[in-house]
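Please read the structure below before turning to the comments.
We use all heavy atoms of the structure for the numbers below, so side chains are in, but hydrogens, waters and symmetry mates are not.
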Amino acid sequence: MQFPPARRILAPFLISVLLLVTSCGQNQPPSRWDKAQQESTQKSAKTKQTTADKSTAQNPNLPKKAVAGGKLNKYFPSSGGGFDRVFAQEKTGFAEAKLNKGGKNVAMLSINDIAGNPSAGSKFQQSTKKIGGYPAVNQGANITAVLVANRYQVKVQSRDPSFTASDREAWLSKFNLGGLASVK
């Protein structure tokens, strides 16, 4: 059966128009999940902006950019006294080393540049304890930290019960805190 030429052209044309209309005409409103995601993203952006504004106002002397983690390695204490220091992680503004004794990890040593997060230094404001002339705090039962030059948070974290608070303080005093204070 032969169709007239107009029908052969008209049928594909109508199908094309139908597809075009149905694909463009379906403009669904956002679901409740889409709305929640959008609100969450907007709140997060506002919070980050507000926090950044406040932290800069709290300590305008801090630079906006943290130092390279590799610059911090030379301020860690050396191995000795049966302890081996093994560098574990390094990234912008942060360096970390494991402290091992007898092949067992007994503590973690770290230096963190708080230039990107000045509020991290607020816990040292009420400190009455000093190590190496710098304010010190205990964080929970396993961490002792000092704040050097209002910029570098130096921590020793016990990983074994045999590594006590006095051990943490002794290792904090072995860091080159004076040298670290001069790092810009």
Pairwise distance CZ(R151) to CG(N112) - rounded to 0.5 angstrom: 11.0 Å
Separation of M108 CE from K155 NZ (nearest 0.5 Å): 11.5 Å
side-chain hydrogen bond (donor to acceptor under 3.5 Å, both in side chains): pairs with one or both residues in residues 69-83, sequence neighbours excluded: N73-E90
D84 CG to K98 NZ distance, which is reported to the nearest 0.5 Å: 12.5 Å
Mutual orientation of the aromatic rings belonging to F76 and F87 [parallel < 30°, tilted 30-60°, perpendicular > 60°]: perpendicular
Closest heavy-atom pair and its distance - R85, A97: CG-CB, 3.8 Å
Donor on one side chain, acceptor on other, N100 and N105, under 3.5 Å: yes
Sequence-distant partners of K123, salt bridge (charged side-chain N to carboxylate O under 4.0 Å, His left out), two or more places apart: none
same_hphob_cluster(L172, L177) at 4.5 Å side-chain heavy-atom cutoff: yes
Value rounded to 0.5 Å, distance of CD in E96 from CG in L109: 8.5 Å
Side chains of F175 and I111 in contact at under 4.5 Å (non-hydrogen atoms): yes
Minimum side-chain heavy-atom gap F163-L99 below 4.5 Å: yes
Listed once per pair and sorted, the side-chain hydrogen bond (donor to acceptor under 3.5 Å, both in side chains) pairs that draw on residues 165-178, sequence neighbours left out: K129-E169, T144-R168, S158-R168, T164-S166, T164-D167
Connected via hydrophobic side-chain network under 4.5 Å: L147 and F94: no
